[in-house]
2 protein chains.
Amino acid sequence: MDVDTRLLRYFAAVAQEGTLTRAAAVLYVTQPALTRQVARLEDLLGARLFTRSKAGMSLTPAGEALAARVPALLDAWDGIARETRAAARVLRVGFLASAANEATPGIVAAFTARRPGWRVEMRQSSWADPAAGLSTGDVDVALVRLPFPGQDAWAVDVLLTEPRVLAVSSAGPLAARERVAIGEVLDEPFVAAPGATGAWRDHWLAVEERGGHPVRVGAVTEHPDEWLTAIANGDGIALAPASAARFYARPGVTYVPLDGVGPSRVAVARAGDRDPVVRDFVDCCLAAF
Amino acid sequence: MDVDTRLLRYFAAVAQEGTLTRAAAVLYVTQPALTRQVARLEDLLGARLFTRSKAGMSLTPAGEALAARVPALLDAWDGIARETRAAARVLRVGFLASAANEATPGIVAAFTARRPGWRVEMRQSSWADPAAGLSTGDVDVALVRLPFPGQDAWAVDVLLTEPRVLAVSSAGPLAARERVAIGEVLDEPFVAAPGATGAWRDHWLAVEERGGHPVRVGAVTEHPDEWLTAIANGDGIALAPASAARFYARPGVTYVPLDGVGPSRVAVARAGDRDPVVRDFVDCCLAAF
DNA sequence: CACATCCATGCCGACAGGTTATAGATGACG
DNA sequence: CGTCATCTATAACCTGTCGGCATGGATGTG
């Protein structure tokens with residue numbers, strides 16, 4: 001009988017949390033999706049796994065039996081997948097569009113020097129996935145900007161801290177300014193990241209610095225190119241890391257120093273340090289700064 | 001990283017067989033489907049698992065690593081699923097429409113006497129699945145008629161052997177006959193089972209007894225009711241087990257003894273005899289005859 | 001040079017999984 | 001005693017994936 005390991009992870013989360021609602025939050029899916037997947041697993045196995053009540057879901061004997069063995073099975077699979085990738089000598093590195101920077105080629109060179117025979121596969125992710133493919137298992141390690149959704153589940157080392165600046169249309173009045181304070185622009189429309197990215201989106205809308213002041217969203221973009229176009233068009237302004245002035249210079253877009261907001265941090269994130277190859281890559285990252 | 005165990009079974013089959021084409025035959029899927037699923041697994045893992053050549057597919061080092069551990073993982077999952085079902089105290093029994101007979105209630109009664117607290121869930125399957133849900137894992141044990149597709153993969157005990165007779169329209173000339181020889185009716189249109197059922201369909205079209213004589217198919221049916229209607233309507237004639245005269249008596253349909261064909265066998269099939277509960281059920285079946 | 005044997009690709013229909021919105025059931029609380 | 005808050009279940013919709021069939025392309029073989 002075949003099953004997707006995702007179903008088993010869902011089941012384990014529900015067994016752990018005791019309610020569908022909470023498990024759904026942990027898994028970043030909606031509660032109806034969980035309801036159906038759990039029911040589907042019960043159908044597949046031909047056994048009721050939970051007794052439902054207003055208070056939540058509690059395990060039946062069959063559920064207990066399953067819950068006792070599923071974590072080990074999932075661990076075994078994760079281990080197999082890791083070993084398989086290791087045997088292929090490919091390290092998959094995700095990076096967020098705006099987290100790439102001058103150091104990347106040096107890091108890759110240092111890594112291939114330390115691990116001859118290994119190939120590094122770089123995968124750029126859109127802003128719709130600030131975890132750069134880590135959470136879906138698409139990559140082994142990722143260069144990201146903090147904070148990102150689900151960050152607590154990963155091992156993270158900060159590589160670089162840089163100020164956040166303001167990106168504005170060159171045609172607008174702010175472009176001529178020497179400096180701007182965040183308090184002056186709280187009513188401006190902002191160009192934002194997609195809605196599902198939670199803390200990450202908030203960070204780039206300066207929600208923390210607004211003290212409750214509402215956000216006006218002028219546009220939503222996923223890629224640097226759309227982002228630059230939206231700003232040049234005057235659809236809104238946006239926070240950006242200072243290095244964007246070098247990487248994303250474009251006629252029509254001006255970067256202005258900004259007061260009153262904290263810095264942005266670039267970090268290297270991964271599942272943990274059990275894998276020595278990943279650890280080597282992390283070391284190369286740390287050595288590059 | 002999540003994966004469907006079906007993908008892993010596909011992979012294992014290809015690794016075992018060495019070519020996609022042969023593995024596809026073993027798995028009862030088409031070769032293009034396998035091509036894509038293997039490619040998908042490689043994508044998911046981010047590693048090439050096979051080197052393709054005209055001669056077939058041979059494992060890369062990454063493929064070797066995976067192949068070394070996948071069978072144990074699949075076994076572990078199958079064991080977990082079995083234990084979970086056992087904890088639920090539900091035995092799922094599949095039965096083919098025409099394999100059900102007088103003995104069934106007695107078998108179930110004997111089983112529940114031997115295993116108090118257990119519930120038997122009977123699932124009737126259409127003729128589109130002569131394995132009665134075994135092959136998909138929908139049931140733990142099944143009452144079937146031999147031969148059925150993929151039969152070699154299962155443990156099988158014959159319960160009962162009965163002659164095959166001919167079902168004809170009462171309005172036709174054959175209905176008045178005392179006996180009929182198979183050689184007389186090779187040119188008649190037959191009412192057949194769905195095309196994907198292979199050996200099973202052939203068995204009921206008397207392909208073995210035809211000596212190459214081609215089959216005319218007058219209708220295709222999946223359920224006894226359609227089958228009876230098709231025969232009564234004169235869409236074709238059909239082979240049937242002798243007991244059909246009792247179970248599927250209907251005005252307009254006449255059963256005539258038939259010479260020149262072998263008997264039909266009812267059997268109990270299951271994955272093996274490791275599961276003591278399934279073994280008990282099998283014992284009850286054997287004791288009932 | 002036709003043929004057999006592989007694997008890959010394009011197209012299409014069916015279905016599964018996700019989302020949002022909403023219903024139903026049941027304690028907790030003013 | 002109504003009003004919430006908190007659960008799970010269901011409905012409607014959209015998209016991506018899987019399977020099938022048909023076909024193409026590459027490569028040895030008689």
Side-chain angles (χ1 to χ4, degrees), chain A residues 1-11 13-44 48-60 63 128-129 135-136 138 149 194-198 220 222, chain B residues 1-11 13-44 48-60 63 128-129 135-138 149 194-198 222:
Chain A
M1 205 215 46
D2 290 312
V3 94
D4 194 311
T5 55
R6 182 169 13 92
L7 277 193
L8 300 180
R9 285 184 218 280
Y10 285 4
F11 164 78
V14 175
Q16 174 93 28
E17 298 294 327
T19 82
L20 286 176
T21 313
R22 254 183 304 158
V26 170
L27 294 167
Y28 295 105
V29 294
T30 56
Q31 167 264 315
L34 259 193
T35 294
R36 281 211 315 201
Q37 294 311 311
V38 170
R40 188 174 145 67
L41 183 60
E42 289 181 325
D43 255 16
L44 277 162
R48 253 185 130 55
L49 300 171
F50 296 98
T51 57
R52 275 81 164 164
S53 75
K54 53 180 184 90
M57 317 269 288
S58 63
L59 290 166
T60 62
D129 178 21
S135 52
T136 52
D138 285 342
T197 56
V220 172
E222 285 199 12
Chain B
M1 204 214 48
D2 290 311
V3 81
D4 194 310
T5 54
R6 182 169 16 91
L7 277 192
L8 300 180
R9 286 184 217 280
Y10 284 5
F11 164 79
V14 176
Q16 173 93 28
E17 298 293 327
T19 81
L20 285 177
T21 312
R22 255 183 304 157
V26 170
L27 295 167
Y28 295 106
V29 295
T30 57
Q31 166 263 315
L34 257 192
T35 294
R36 281 205 317 206
Q37 293 311 312
V38 170
R40 186 174 148 68
L41 182 61
E42 288 180 325
D43 254 17
L44 277 163
R48 254 186 129 54
L49 300 171
F50 295 97
T51 56
R52 276 80 166 164
S53 76
K54 54 182 184 94
M57 318 270 287
S58 61
L59 290 165
T60 62
D129 178 21
S135 52
T136 52
D138 284 342
T197 55
E222 284 199 13

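Values below: all heavy atoms of this structure, side chains included; hydrogens, waters and symmetry mates excluded. Residue numbering restarts at 1 for every chain, and letters A, B, ... go by the order of the sequence lines.
Here the nucleotide nearest the side chain of A:V29, chosen from C:dT19, C:dC7, D:dT8, is C:dT19.
Within 4.0 Å of A:A33, counting heavy atoms only, lies at least one base atom of the nucleic acid. If you check every strand for non-hydrogen atoms under 4.0 Å, A:F50 touches nothing. Using a 4.0 Å heavy-atom cutoff across all strands shown, A:T19 reaches sugar-phosphate atoms only and no base atom.
In this structure, the CD atom of B:Q37 is 10 Å from the P atom of D:dG20, given to the nearest Å. Between the CZ atom of B:R40 and the P atom of D:dT17 there is a distance of 6 Å, rounded to whole Å. In this structure, CG of B:L27 is placed 14 Å from C1' of D:dC18, rounded to the nearest angstrom.
Checking the phosphate oxygens (OP1, OP2) of C:dG18, a side-chain nitrogen or oxygen of A:R6 falls inside 4.0 Å. OP1 or OP2 of C:dT19 sits under 4.0 Å from a side-chain N or O of A:T30. When the side-chain nitrogen and oxygen atoms of A:T21 are compared with OP1 and OP2 of D:dT8, one or more of them lie within a distance under 4.0 Å. Using a 4.0 Å cut-off, no side-chain N or O of A:Q31 falls inside it from OP1 or OP2 of D:dC7. Of the side-chain N and O atoms in A:Y28, none sit less than 4.0 angstrom from OP1 or OP2 of C:dT19. The phosphate of C:dA8 (OP1 or OP2) has a side-chain N or O of B:R52 nearer than 4.0 angstrom.
There is no side-chain donor-acceptor pair under 3.5 Å between A:T60 and A:T51.
Counting all heavy atoms, side chain and backbone alike, B:L44 lies closest to B:M1 at O-SD, 3.1 Å. In terms of heavy atoms, B:L34 sits closest to B:A24 at CD1-N, 3.4 Å.
Where A:P32 and A:L7 each meet DNA chain C at their nearest nucleotide, the meeting point lying more 5' is that of A:L7.
A donor N or O paired with an acceptor N or O is found under 3.5 Å between the base of D:dG19 and the side-chain atoms of B:R36.
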